Amino acid sequence: MPTARGPMDVDIEGEPPFLDRDGLKLNRNIVRKEFSGDMVGTSEAQMIAAFTSTPGSAGYVAIEHFTGSVSGKSGSFVLQHSGVMNRGDARLTVTIVPDSGSGELAGISGTLQIDNDQGQHSYVLEYEIA
């Protein structure tokens, strides 16, 4: 399976919580990314996050639209995020939405791993193009 890697810049535009009750806070964020390396382009995501009163416990879902190129093939596709933190133990799944690819990325499938090392974000995209 081909792999694309590289750094990315992340900008999060948070909104005030739309629910703040019983130790829970729910809010919406707009997340914009700029990818470099094997993926070159930009993305924008809408994220809904839930924060609990227990430190390190939270969850989020997001839909992200990427436009640019992957290993020289241009187009766009959509990523679906599902993240959970259980008292600091983080689990994140990011999957390319089936049949969301366009241009030379039509038929793309796969998963994206996001790493954050002291504020420096990077990605690993494992993908196939049918």
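What you are looking at is a predicted structure, and each value in this text was computed from that prediction instead of being measured.
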Practice prompt. Answer yes or no: does atom CD of Q120 have more than 12 heavy-atom neighbours from other residues, nucleotides or ligands under 6.0 Å?
Written response: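 Open: at most 12 neighbouring heavy atoms sit under 6.0 Å from CD of Q120.
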Worksheet item: With D89, which residues qualify under salt bridge (Lys or Arg N to Asp or Glu O under 4.0 Å), at least two apart?
Response: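 Checked D89 against salt bridge (Lys or Arg N to Asp or Glu O under 4.0 Å); matches are R91.
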Discussion item. Please give the remaining members of the hydrophobic cluster of I96, linking ILVMFWY side chains under 4.5 Å, ordered by chain and number.
Written reply: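 Members alongside I96: M8, V10, I12, V31, F35, M39, M47, Y60, F66, V70, F77, L79, L92, V94, L105, I108, L112, I114, Y123, L125, Y127, I129.
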Worksheet item: Apart from M1 itself, what residues make up its hydrophobic cluster, given side-chain heavy atom links below 4.5 Å?
Response: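 Other cluster members: none.
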Looking at residues at least two apart in the chain, or sitting in another chain, which of them share a side chain to side chain donor-acceptor pair (under 3.5 Å) with [X]?
X	result
E126	none
S76	S102
N27	N29
D9	none

Worksheet item: Who pairs with T54 by side-chain contact (heavy atoms from CB on, under 4.5 Å), at least two apart in sequence or on another chain?
Response: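 Expected list: T52, S57, R87.
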Worksheet entry | By side-chain contact (heavy atoms from CB on, under 4.5 Å) - contacts of I63 (at least two apart) |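 By the side-chain contact (heavy atoms from CB on, under 4.5 Å) rule, I63 matches V78, Q80.
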Pair listing, salt bridge (charged side-chain N to carboxylate O under 4.0 Å, His left out) test, anchored in [range], at least two apart:
range	value
residues 94-104	none
residues 71-83	none
residues 31-49	E13-R32, R32-E44, K33-E64

Discussion item. Quick check: closest heavy atoms across P2 and E128, and the distance to 0.1 Å?
Written reply: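 In terms of heavy atoms, the two residues are closest at CD-CG, 4.4 Å.
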Practice prompt. Identify the heavy atoms of P17 and D20 that sit nearest to each other, and give their distance.
Written response: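 Looks like CB-CB, 4.5 Å.
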Worksheet item: Which value, rounded to the nearest 0.5 Å, describes the distance between S53 atom OG and K25 atom NZ?
Response: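 These two atoms lie 10.5 Å from each other.
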Worksheet item: Distance from Q46 atom CD to H65 atom NE2, nearest 0.5 Å?
Response: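 Q46 CD to H65 NE2: 13.0 Å, rounded to 0.5 Å.
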Worksheet item: Mind checking whether V124 and T3 have side chains closer than 4.5 Å, heavy atoms only?
Response: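 Yes. Closest side-chain heavy atoms under 4.5 Å.
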